[in-house]
Amino acid sequence: MKVVLKDLTKIFPSRNKNGQEVVAVNNFDFEIPDGKLIGLLGPSGCGKSTTLYMICGLQKPTSGRIFFGEDDVTDLTPENRGVGLVFQNYALYPHMTVKQNILFPLQNFKGKDKLTKSEMLERAYKVAELVQIDELMDRKPSELSGGQQQRVAIARALVKMPRVLLLDEPLSNLDARLRLQTREEIKRIQRETSITTVFVTHDQEEAMSISDYIVVMKLGVVQQIGEPQNVYDDPVNLFVAKFLGTPPINVFEGKIEKGKLYIGEDAVLNVGDVADQEVFVGIRPEGFIYDKNGALHCKLRNLEVMGRDVSVVSTNEAATSPIVRSIIDADNKVDIASESVTFSLKPHKTFIFNKETEERIYFEIAQKAEKVNSEEKPAKKPAAKKSTAKKTTSKKSAE
Ligand code: ATP
């Protein structure tokens, strides 16, 4: 079932006379393809939960429409939309067994949807098996681990055979190991059921790892929508570039002069016909090449051995953060006794952004840069590809 969000906006009125209204979601326009898992991602307060609650019917949009397939569900109650909702805090009934918790939503079915007792049991056991809790059916929630409780919550949402599954930070209460395990489980369950699913999280790694598409939001506005790897590789602005990636992207103040990109005094890349201007430069940790003749000079601080890779911790006066972190192959023997370290840059891992708008400035890889880094695939888009977040959104949504 595809889900279409059409110019969805939610404005919360101010609580007092002189207060400000809050635009929690601003013109969200996207078509979620049938059977896909979408990760809604962004910092606290960016409007993720409000978007989810509008899809499920707990919040009414100020303007815009919501369609499930061809059905306009904007004015339907949550019960009549056919959604399954899973919250962060499981919200199981403590006095009921797992089986009773899962059966509970089915007991409210009325009219033609009403099920016999054996039909209900059959469904309950089927979903319990799917989420692998069929052996725990007679336990109470207090006798389960956090991960098991969350599986019960998912089973309870699935047993209604919802048209759309909505998950609001479902892994937040789990410890690190269980989070990892449960997120893989969610992906498996979603694949097996093919239910269109919206997953809300502020954890970019989590969203990237399980989503077919991610939607990055900031202050109620969608910044970029796309497949996780594409958004990581091709961020439309500095916010998106900074939000995705662990370790995070390194950001420098820089300038473009006569077709060259400078960080401090170092001319680090040829950027073709981009106009002279001050810029922010974002370099992914894996975008550095350890190179004795490299153009970017940093002060070496420390090396962190990670096995296959080495994390080089250095400083640079133009960096906007106290340290620069680059990840290089462990085969490179960096001299720890040395005070400085030099890098050349992978052009397709180096992004430049307008200093004021923080929008991406696209550049063509110059011959020279390709030659220096001949092992790298040539990047990037022509300058004409530059687009606003909104344009990207609608373009991607057509996918
Ligand atoms: P978090 O990750 O912290 O849950 P979020 O991205 O889910 O954040 P929302 O809960 O959707 O963000 O909130 C978006 C904005 O709307 C915030 O500024 C929040 O304070 C505001 N907001 C949410 N619910 C209400 C409400 N009922 N009344 C007024 N403002 C609200």
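Atoms within a ligand are numbered from 1 in the order they appear, just like the ligands themselves.
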Review point. Between P33 and T196, what is the shortest heavy-atom contact and its length?
Key: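 Reported closest heavy-atom pair: O-CG2, 3.8 Å.
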Exercise for review: Would you please name every residue forming a salt bridge (charged side-chain N to carboxylate O under 4.0 Å, His left out) with K333, sequence neighbours left out?
Suggested key: none
Review point. In chain order, what residues pass the salt bridge (charged side-chain N to carboxylate O under 4.0 Å, His left out) check against D329, with sequence neighbours excluded?
Key: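 Per chain and number, D329 pairs via salt bridge (charged side-chain N to carboxylate O under 4.0 Å, His left out) with no residue.
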Point to revise | Residue pairs fulfilling salt bridge (Lys or Arg N to Asp or Glu O under 4.0 Å) with at least one residue in residues 197-211, sequence neighbours excluded | key: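 For residues 197-211: R179-D203, R179-E206.
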Review point. So F280 and F353, ring pair (Phe, Tyr, Trp, His ring centres under 6.0 Å) or not? Walk me through it.
Key: CA-CA 5 Å; F280 284 118; F353 303 95; 8.0 Å; no
Check your understanding: Under 6.0 Å between the ring centres of Y93 and F104?
Key ->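 Centroid distance Y93-F104: below 6.0 Å, so yes.
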Below 3.5 Å only, please: the N or O atoms of ligand 1 paired with protein N or O atoms, distance on each line.
{"residue": "ligand 1", "atom": "2 (O)", "partner": "K48", "partner atom": "NZ", "Å": "2.9"}
{"residue": "ligand 1", "atom": "3 (O)", "partner": "S44", "partner atom": "OG", "Å": "2.5"}
{"residue": "ligand 1", "atom": "6 (O)", "partner": "G45", "partner atom": "N", "Å": "3.4"}
{"residue": "ligand 1", "atom": "6 (O)", "partner": "C46", "partner atom": "N", "Å": "3.0"}
{"residue": "ligand 1", "atom": "6 (O)", "partner": "G47", "partner atom": "N", "Å": "3.0"}
{"residue": "ligand 1", "atom": "6 (O)", "partner": "K48", "partner atom": "N", "Å": "3.1"}
{"residue": "ligand 1", "atom": "6 (O)", "partner": "K48", "partner atom": "NZ", "Å": "3.0"}
{"residue": "ligand 1", "atom": "7 (O)", "partner": "S49", "partner atom": "N", "Å": "2.9"}
{"residue": "ligand 1", "atom": "7 (O)", "partner": "S49", "partner atom": "OG", "Å": "2.7"}
{"residue": "ligand 1", "atom": "8 (O)", "partner": "G45", "partner atom": "N", "Å": "2.8"}
{"residue": "ligand 1", "atom": "11 (O)", "partner": "T50", "partner atom": "N", "Å": "2.9"}
{"residue": "ligand 1", "atom": "11 (O)", "partner": "T50", "partner atom": "OG1", "Å": "2.5"}
{"residue": "ligand 1", "atom": "12 (O)", "partner": "G47", "partner atom": "N", "Å": "3.3"}

